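What follows is one structure encoded as structure tokens, with my remarks underneath.
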Amino acid sequence: MKLRPLARSFFSRDPRLVARELLGKLLIRNRGRNVLAGRIVEVEAYLGEDDPAAHAAAGMTERNRVLFGPPGHAYVYFIYGQYFCLNVSCQPQGKAGCVLIRALEPLAGLEEMARARGLTNGARRESFGGARLQSCRSRIGEQAALAAEVNLTGKRKLTTGPGRLCQAMGITRARDNGKDLTSPRSSLWLADDGFRPRRILRTPRVGINRAARRLLRFVIADNYFASGKNG
DNA sequence: ATATCGATTATCT
DNA sequence: GATAATCGATATG
């Protein structure tokens, strides 16, 4: 399947539209020979200065200035003393707004991700593949299939959650804040592989106090890798 | 299965 | 000095 980068114009719109349409797209990390990739399955829209929950609400500061710059760039911030979160700037230059990427379905570089997340201990180490799960079911039987599902559970811990996915892909403020996400030559970029979500859910945003009732979280319905419920 | 809590620091008031 | 767009561990039903 061919990968198409997302154009600058894709991001130069209302964050609610961008959020909805980012579902199903790919986030790709190029690190020399290594490629880490995941499909976006959960996002949140943060509007401009009229959204009290947005970092842009109080106007431009040193931290959030990427939000006021050109669309399609990474806004990475540090939170709770230990995690990073990745956003994509939206709206034309001068107008703030962004989409927070909250969960990925991991597709490539899972061993690397597990290492970055500190999940390489013991039984979780091996066998992340879906193909292997199929083969377990047919060849080895129920016992092994059960073991493979344990691995699937582990797989969910790689990139479900905004802090986790940044850790898995090595995304930090120092490395990635302000980076252009529309170019395949960038070490971090967004792509369309033709996938379209079947059904999309809207819910309140997670972990905020202000404007807590607005339905600005978008999730691919029934996706195993979205945060919250289990698969 | 749900609830609560501690970690740890850049950023803003 | 208080807060925070989180996570993982622990406690409890």
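None of the values given here were measured: they were computed from a predicted structure. So that the names make sense, note that chain A is the first sequence line, chain B the second, and so on, each numbered from 1.
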Report the distance from atom CG of A:Asn177 to atom P of B:dA10, rounded to the nearest whole Å. 15 Å
Does the structure place the NZ or CZ of A:Arg173 under 6.0 Å from the centre of the six-membered ring of A:Tyr77, at an angle of no more than 45° from the ring's axis? no
Scan A:Arg63 against the nucleic acid and name what it touches under 4.0 Å (heavy atoms): base, sugar-phosphate only, or nothing. sugar-phosphate
Between the side-chain atoms of A:Gln82 and the base atoms of B:dA7, is any donor-acceptor pair under 3.5 Å? yes
Of all the nucleotides listed (C:dC7, C:dA5, B:dA10), which has the minimum atom distance to the side chain of A:Phe78? B:dA10
With the side chain of A:Arg164 defined as its heavy atoms from C-beta on, choose the nearest nucleotide among B:dT11, C:dC7, C:dT6. C:dC7
To the nearest angstrom, how far is A:His55 atom NE2 from C:dT3 atom P? 15 Å
Give one of base, sugar-phosphate or nothing for A:Ile208, where a contact means two heavy atoms less than 4.0 Å apart. sugar-phosphate
Each base of DNA chain C marked ( ) or [ ] if paired in-strand (Watson-Crick or G-U under 3.5 Å), | if paired to another strand and . if unpaired gives ||||.|||||||.
As a quick check of understanding, evaluate salt bridge (Lys or Arg N to Asp or Glu O under 4.0 Å) for A:Asp176 and A:Arg29, giving each step before the final call. CA-CA 11 Å; A:Asp176 300 302; A:Arg29 172 64 116 188; 2.8 Å; yes
Select base, sugar-phosphate, or nothing to describe what A:Arg117 touches, counting heavy atoms under 4.0 Å on all strands. sugar-phosphate
Of A:Asn209 and A:Gly161, the one whose closest nucleotide on DNA chain C sits nearer the 5' end is A:Asn209
Does any N or O donor sit under 3.5 Å from an N or O acceptor when you compare the side chain of A:Tyr80 with the base of B:dA7? no
Quick check: do A:Val35 and A:Asn30 have side-chain heavy atoms less than 4.5 Å from each other? yes
Select base, sugar-phosphate, or nothing to describe what A:Gly163 touches, counting heavy atoms under 4.0 Å on all strands. sugar-phosphate
A:Tyr224 six-ring face occupied by A:Arg156 cation (under 6.0 Å, within 45°): yes
Would you say A:Tyr46 stacks on C:dA5, if stacking means ring centres under 5.5 Å apart and planes within less than 30 degrees? yes
Do A:Thr203 and A:Arg217 get their side chains close enough for a donor-acceptor pair, meaning under 3.5 Å? yes
Please report whether the ring centroid of A:Tyr46 lies less than 6.0 Å from that of A:His55. no
Find which nucleotide of DNA chain B each of A:Tyr83 and A:Glu62 is nearest to by heavy atoms, and output the residue with the more 5' nucleotide. A:Tyr83
Once you round it to whole Å, what is the distance between P of B:dT11 and CZ of A:Arg65? 11 Å
To the nearest angstrom, the CD1-C1' distance between A:Ile79 and C:dA5 comes to 6 Å
Check every strand shown and say whether A:Cys98 touches a base, only sugar-phosphate, or nothing at a heavy-atom separation below 4.0 Å. base
Taking the six-membered ring of A:Phe11 as reference, does the cationic atom of A:Arg8 (NZ for Lys, CZ for Arg) lie under 6.0 Å from its centre and within 45° of its axis? no
Whole-Å distance separating the CD atom of A:Glu42 from the P atom of C:dT6: 10 Å
Nearest-Å distance for atom pair CG/C1', residues A:Leu67 and B:dT11: 14 Å
Would you say CG of A:Asp50 has more than 12 non-hydrogen atoms from neighbouring residues, nucleotides or ligands within 6.0 angstrom? yes
